[in-house]
Amino acid sequence: MSESSRNQEERSLHFIQRIIEDDLATGKHTSIVTRFPPEPNGYLHIGHAKSICLNFGLAEAYQGRCHLRFDDTNPEKEEMEYIESIQKDVQWLGFDWKEHLYFASDYFQQLYDIAELLIKKGKAYVDSLTPEEVKEYRGTLTKPGRPSPDRERSVEENLDLFRSMRAGDFPDGTYVLRAKIDMESPNLNMRDPALYRIKHASHPRTGSQWCIYPMYDYTHPLSDAFEGITHSICTLEFEDHRPLYDWCVIESEFPHQPRQIEFARLNLTYTVMSKRRLLNLVRDGHVEGWSDPRMPTISGIRRRGYPPQAIRDFSERIGVAKTYSTVDFALLEHCVREDLNIHAPRAMAVLDPLKVVITNYPEDQVEFLEADNNPEDPSAGSRSIPFSRELFIEREDFMEHPPKKFFRLSPGKEIRLKHAYYVTCTDVVKDDEGTVIELHCTYDPASRGGWTDDGRKVKGTSHWVSASHAWESDVIIYDKLFTSEVPGAETGDYLDDFNPDSKQVIPGCKLEPSLKETAPGTNVQFLRKGYFFSDPDVSQPGNPVFIKTVGLKDTWAKKMKQS
RNA sequence: UGGCCGAUAGUGUAAUGGUAGCACGACAGAUUCUGGUUCUGUUUGUGAGGGUUCAAAUCCUUCUCGGCCAGCCA
């Protein structure tokens, strides 16, 4: 058996794949068409990324196609800026809608014509109830609604009124076109839902061409039908809308019948995902905009340095189901690390510098040592780094009175300076307050390159930079946006769990010379510290500003924390 | 005393009447010029009761718990 056919047998399908394979096997469809249908009223977040990966991924896997369609039926909330950012986000994830870019607003005329058809069939009527009255007539969850006095208006009068609505004869809110379905339905969506409302508002794409706009529940199924969508995948809260979805397609007498399938949206620990909460974070200044690297927005994680491939991998791993679920943030970070471990070149940066003088190293000598750029990828090559008498190491890599199993530097102990030499600490220099300000060490010339063949056991390895060659820079450390898994679970207010230390600017970090030339928007691993990214928004060529993408796993720090 | 949907290790997700598996996490160990990576092992699960069956996570039934719905938002 070949490897690929074994994989075929072992793979397990999620329920949507199963539906698709079924439809393909029975000949219901010869190929599939999916769509990603955002409303351009905000920035996309990682929950949308799940949907994008699902829809475009399915199309890819089954050699179908996936449309990008903007659901732009509410001009009061939608803007061109969002249309652009959404396209950028989808492309960044690596998906291509090719020529299949659509706008619900392109269907306004077609939608209007079908609305007239519905009126003529006696399936829709113009209602003059006020919004308050509509609400009252609708009934409640447990009480059936009752018919509007306008429900039995004649076809001629409905048509006339509807045309007047379109002509702009009425102010906002005076009339609404409603589907005539069933005011007593236990499903509130079927109690004569609104199809069209009057809005004298300028639309980002159609301008002032229209003053009536179709509702989502009417627009969406018909748009799907127009485009030949076979599987219309949406989130769970639309389950109740499915009967209405089907009603619209059937009553429109449009030949193609798409199928709506619902799946559970993504929730993530330690963050919030709703548009309202995200907006509040931005508006109230808790973060610095929609693309703040702490935000779960696609633009945020892009700026944070999360690779798109990691997001796609994550989307695959979290699965697709109908169960409400909250995915562990750790899984996302795992996917990011896994990708970056293979792709990010290594470099050395000392974030909290402690000076080291190599007392037996010649004063004016500088030598260049060879360092591999990525042990996981030999093709990444190597670079040479300067070594000299005065260096910086990480302050936390030294302890005067170390606990058991501390492998790093302490008085009398020998460690390896990565790619360089073994050094032994001989003296500790302190200031008047007793703070360690400098270390004196000796080096072993025989250990050049960081290795000897004499079988010596050197357990600890530290990163370092040459004091006179390093350049200084602020480095920004980002941490989780919230301190609790489910923000607001305790108090009811998610802002109570906002992490005030989610952004820390670390001044005076010492970076190895090669880092200076990092192009904006490049992932690198600061050896033993974590993955960092040259902030594409503020970096300049020749002057990168590094922000932390995600830390390396740190079992030592974890152990220290426990004790 | 409305309707719809859901419930499998800590988390997420498989098993579609026939050995409850995988991933992440946690824990332990091995390896390692990154306390990273890699590798090995351990831990923990079918919401509850009843029924059908040789056999039930799966089918039936009752219950429990959770989610969504009363925009002229999507």
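By convention in this document, chain letters (A, B, ...) are assigned in the order of the sequence lines, proteins followed by strands, and residues within each chain are numbered from 1.
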inquiry  = What contact category does Thr73(A) fall into here, base, sugar-phosphate, or nothing, at under 4.0 angstrom with non-hydrogen atoms?
reply    = sugar-phosphate
Is a side-chain donor-acceptor pair under 3.5 Å present for Tyr421(A) with Glu367(A)?
-> yes
Notebook entry, point to check: How about Asp71(A) and His220(A): does a side-chain donor come under 3.5 Å of a side-chain acceptor?
Noted result: yes
Atom CD1 of Ile16(A) and atom P of rA14(B) are separated, to the nearest Å, by 11 Å
Next item on the list: Indicate, with a heavy-atom threshold strictly under 4.0 Å, whether Thr461(A) touches base, sugar-phosphate, or nothing.
Entry: sugar-phosphate
Ranking rG25(B), rG36(B), rC5(B) by distance to the side chain of Glu239(A), first place goes to rC5(B)
Rounded to whole Å, the NE2-P distance (His241(A) to rG71(B)) equals 11 Å
Distance alone, cut at 3.5 Å: any donor-acceptor contact between the side chains of Asn373(A) and Ser382(A)? no
NA contact type, Phe238(A), heavy-atom cut-off 4.0 Å: base, sugar-phosphate, or nothing? base
Rounded to whole Å, NZ of Lys322(A) lies from C1' of rA14(B) at a distance of 18 Å
Separation of rU32(B) atom P from Lys457(A) atom NZ, nearest Å, is 11 Å
Next on the checklist: Are rG6(B) and Tyr324(A) stacked, with the base six-membered ring and the side-chain ring centres under 5.5 Å apart and planes under 30°?
Outcome noted: no
Original post:
Should the pair Phe387(A) and Tyr443(A) be assigned to parallel (<30°), tilted (30 to 60°) or perpendicular (>60°) ring geometry?
Top reply: tilted
Here the distance between atom C1' of rC24(B) and atom CZ of Phe314(A), to the nearest Å, is 10 Å
Does Tyr216(A) lie flat on the base of rA74(B), that is, centres under 5.5 Å apart and planes under 30° off? no
Could you tell me whether Lys553(A) contacts a base, only the sugar-phosphate backbone, or nothing, with contacts defined as non-hydrogen atoms closer than 4.0 Å? sugar-phosphate
For a quick check under 3.5 Å, do Tyr245(A) and Asp224(A) share a side-chain donor-acceptor pair by atom type? yes
If one requires at least 3 consecutive Watson-Crick or G-U pairs with distances under 3.5 Å, the stems of RNA chain B turn out to be B:2-7 with B:64-69, B:10-13 with B:21-24, B:26-30 with B:38-42, B:47-51 with B:59-63
